[in-house]
2 protein chains.
Amino acid sequence: MNAREQTFVETLRANNYKLTRARRALIHALAGASKPLTINGLHARAKEIDPKIGLVTVYRTLELLSELDLVRSVHLADECHGYAVSTPGHTHHLICRACHALVEIDGCNLGAFLKEVEQRTGYRITGHWLEFEGLCPKCAEAEK
Amino acid sequence: MNAREQTFVETLRANNYKLTRARRALIHALAGASKPLTINGLHARAKEIDPKIGLVTVYRTLELLSELDLVRSVHLADECHGYAVSTPGHTHHLICRACHALVEIDGCNLGAFLKEVEQRTGYRITGHWLEFEGLCPKCAEAEK
DNA sequence: CTATTTGCAAAGTGTTTGCAGGAGC
DNA sequence: GCTCCTGCAAACACTTTGCAAATAG
């Protein structure tokens, strides 16, 4: 069990949620992922651990984990809904358009641009959402 | 017929697409909008002009207009798929979270940040997607 | 032992496809 | 007149809900 899984388990306990077979399986599937996965992808992975887990449970568990800020949903260009483990704080995502590997970008220096936009438009900006798409070193190499 | 509609019509013609009753209705619905609309919203608006227009045609026409870069899809926080008229070039969107009014932000000074991220990650970044959420002046006023 | 959680089945949404009739050029 | 486009219905995919049985604590 790695550090990520540890956090999941502790957070669930701290909030009085039971640690069931299905939840363990899904947590493991999530914690081991290096890229955002779709609901179906997660279901498939979780099934390897607990073959009985149903798709419905995946939906419900993701909703729960999402409320606890343990996972966060990512919008992929092609398929709208992906889920990835969330690291605390404000981050952005960089996703490889070939293999879908995901890197979290922390430290976001949009501040100045944001202020400029606020002045230009009169809006009060309360949030933003930034995603980068590109090629990871491996895929860039492979494409040559 | 305003300038936007003109562009729509010309682009369709230039690509050998027919200018049908349904397309006119949808174009009008789009061109008059100041905020991104959902499929259903567009369907409702288009129906005011051509009561016979079916939802299916809205889907198909939006797909077409999207291919021609005349509209672009926007991801709203709550409802995933919205469509807005696209102005040419690279822009970002600022959307009021209360009334959904949309402002296009042109001039995007992400360049430096982008380079930094490229160096940090080794990725070659080929695209990005930025959306701001906030309160427009009117709604900010109303909320007091 | 009790309350929560699960899995199944079924209902509900939103989107896409096949096809015959209708409209644009 | 010929082709492209539309509308309908039905198929399809994805997500949510109701409920009885299973299980964690």
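Fair warning: this is a prediction, and the values are worked out from it, not measured in the lab. Here is the naming used below: chain letters follow the sequence lines, and residue numbers restart at 1 for every chain.
- Per the geometry, NZ belonging to Lys18(A) stands 7 Å off C1' belonging to dT5(C), to the nearest Å.
- Here Thr20(B) reaches the OP1 or OP2 of dT6(D): one of its side-chain N or O atoms lies under 4.0 Å away.
- Of the side-chain N and O atoms in Thr57(A), one or more sit less than 4.0 angstrom from OP1 or OP2 of dG7(C).
- Residue Glu5(B) comes nearest to Ala31(B) through the heavy atom pair CG-CB, 3.4 Å, listed as atom of the first residue, atom of the second, then distance.
- Applying the 3.5 Å distance criterion, the base of dT6(D) shares no donor-acceptor pair with the side chain of Lys52(B).
- Put simply, the side chain of Arg23(B) gets close to the backbone of Lys18(B): a donor and an acceptor are under 3.5 Å apart.
- Using a 4.0 Å heavy-atom distance criterion, Arg23(B) is classed as a sugar-phosphate-only contact.
- Counting only distance, with no hydrogens or angles, the side chain of Asp50(B) and the backbone of Lys52(B) share a donor-acceptor pair below 3.5 Å.
- Leu30(B) has its side chain within reach of Leu65(B): a pair of non-hydrogen atoms, C-beta onward, lies under 4.5 Å apart.
- Not a single donor-acceptor pair, N or O on each side, falls under 3.5 Å between the base of dG24(C) and the side chain of Arg24(B).
- At a cut-off of 3.5 angstrom, counting only N and O atoms as typed in the model, there is no donor on one side facing an acceptor on the other between the side-chain of Arg13(A) and the base of dG25(D).
- A close approach under 4.0 Å does not occur between any side-chain nitrogen or oxygen of Tyr59(B) and OP1 or OP2 of dT16(C).
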